[in-house]
Amino acid sequence: QVQVVESGGGLVQPGGSLRLSCAASGSIFIRPTMGWYRQAPGKQRELVAQITSGRLTNYADSVKGRFTISRDNAKNTVYLQMSSLKPEDTAVYYCRLGTPYDYWGQGTQVTVSS
């Protein structure tokens, strides 16, 4: 009933920037907390950033100062602006439509390499 679709992933050089987008659609009647997670091969999925309906934000320590999460409530869309990218940022990035819901996108690959 709810779809979550990420876009914007790709290959970028170290130090470069990339902007991810996530659009949620369907039976969404309450503005949810939304977040970005990532998972690298052999590692657990981790929270990268999240943003509440009131635009309160939380970031993983590893991305603070480099990544910015934002949202457009009218569009049920969340963005992740990534700057000063490092090879260790390489992962599949997943969008989550959170509280009061729990839906996930299929992920978008981000590769940081020279």
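These values consider heavy atoms only, across backbone and side chains, with no hydrogens, waters or symmetry-generated copies. All figures in this text were calculated on a predicted structure; none of them were measured in a lab.
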Hey, could you give me each pair passing salt bridge (charged side-chain N to carboxylate O under 4.0 Å, His left out) that has a residue in residues 97-107? Not counting sequence neighbours. Arg96-Asp102
I want to check something: taking the side chain as every heavy atom from C-beta on, are Thr108 and Leu20 in contact at a cut-off of under 4.5 Å? yes
Does Ser27 have any side chain to side chain donor-acceptor pair (under 3.5 Å) partners at least two apart in sequence or in another chain, and if so, which? Gln1
Tell me, please, which residues at least two apart from Tyr94 pass ring pair (Phe, Tyr, Trp, His ring centres under 6.0 Å). none
Those residues that, when tested against Leu47, pass side chain to side chain contact (heavy atoms under 4.5 Å, CB included) (two or more places apart): Tyr37, Gln50
Got a sec, which residues hit salt bridge (charged side-chain N to carboxylate O under 4.0 Å, His left out) with Arg45, two or more places apart in sequence or on another chain? none
Which residue pairs pass the disulfide (SG to SG under 2.5 Å) test with at least one member in residues 37-77, sequence neighbours excluded? none
For Arg19, check side chain to side chain donor-acceptor pair (under 3.5 Å) against everything at least two apart and list the hits. none
When the side chains of residues 58-65 are checked against the rest of the protein, which donor-acceptor pairs come out under 3.5 Å, sequence neighbours left out?
{"unit_1": "Tyr59", "atom_1": "OH", "unit_2": "Ile69", "atom_2": "N", "d": "2.9"}
{"unit_1": "Asp61", "atom_1": "OD1", "unit_2": "Lys64", "atom_2": "NZ", "d": "3.2"}
{"unit_1": "Ser62", "atom_1": "OG", "unit_2": "Arg38", "atom_2": "NH2", "d": "3.3"}

Are any non-hydrogen side-chain atoms of Ile28 and Val2 less than 4.5 angstrom apart? yes
Are the side chains of Tyr101 and Ile30 in touch, meaning some heavy atoms are under 4.5 Å apart? yes
Any side-chain heavy-atom pair from Tyr93 and Leu80 closer than 4.5 angstrom? yes
Tell me the disulfide (SG to SG under 2.5 Å) pairs involving residues 2-112, sequence neighbours left out? Cys22-Cys95
Partners passing side chain to side chain contact (heavy atoms under 4.5 Å, CB included) against Ser17 (at least two apart in sequence or in another chain): Gln81, Ser83
Would you indicate whether the side-chain heavy atoms of Lys86 and Val112 approach each other to under 4.5 Å? no
Asp72 meets the side chain to side chain donor-acceptor pair (under 3.5 Å) criterion, sequence neighbours left out, with none
If the condition is side chain to side chain contact (heavy atoms under 4.5 Å, CB included), which residues does Thr111 pass it with, not counting sequence neighbours? Leu11, Thr90, Gln109, Ser113
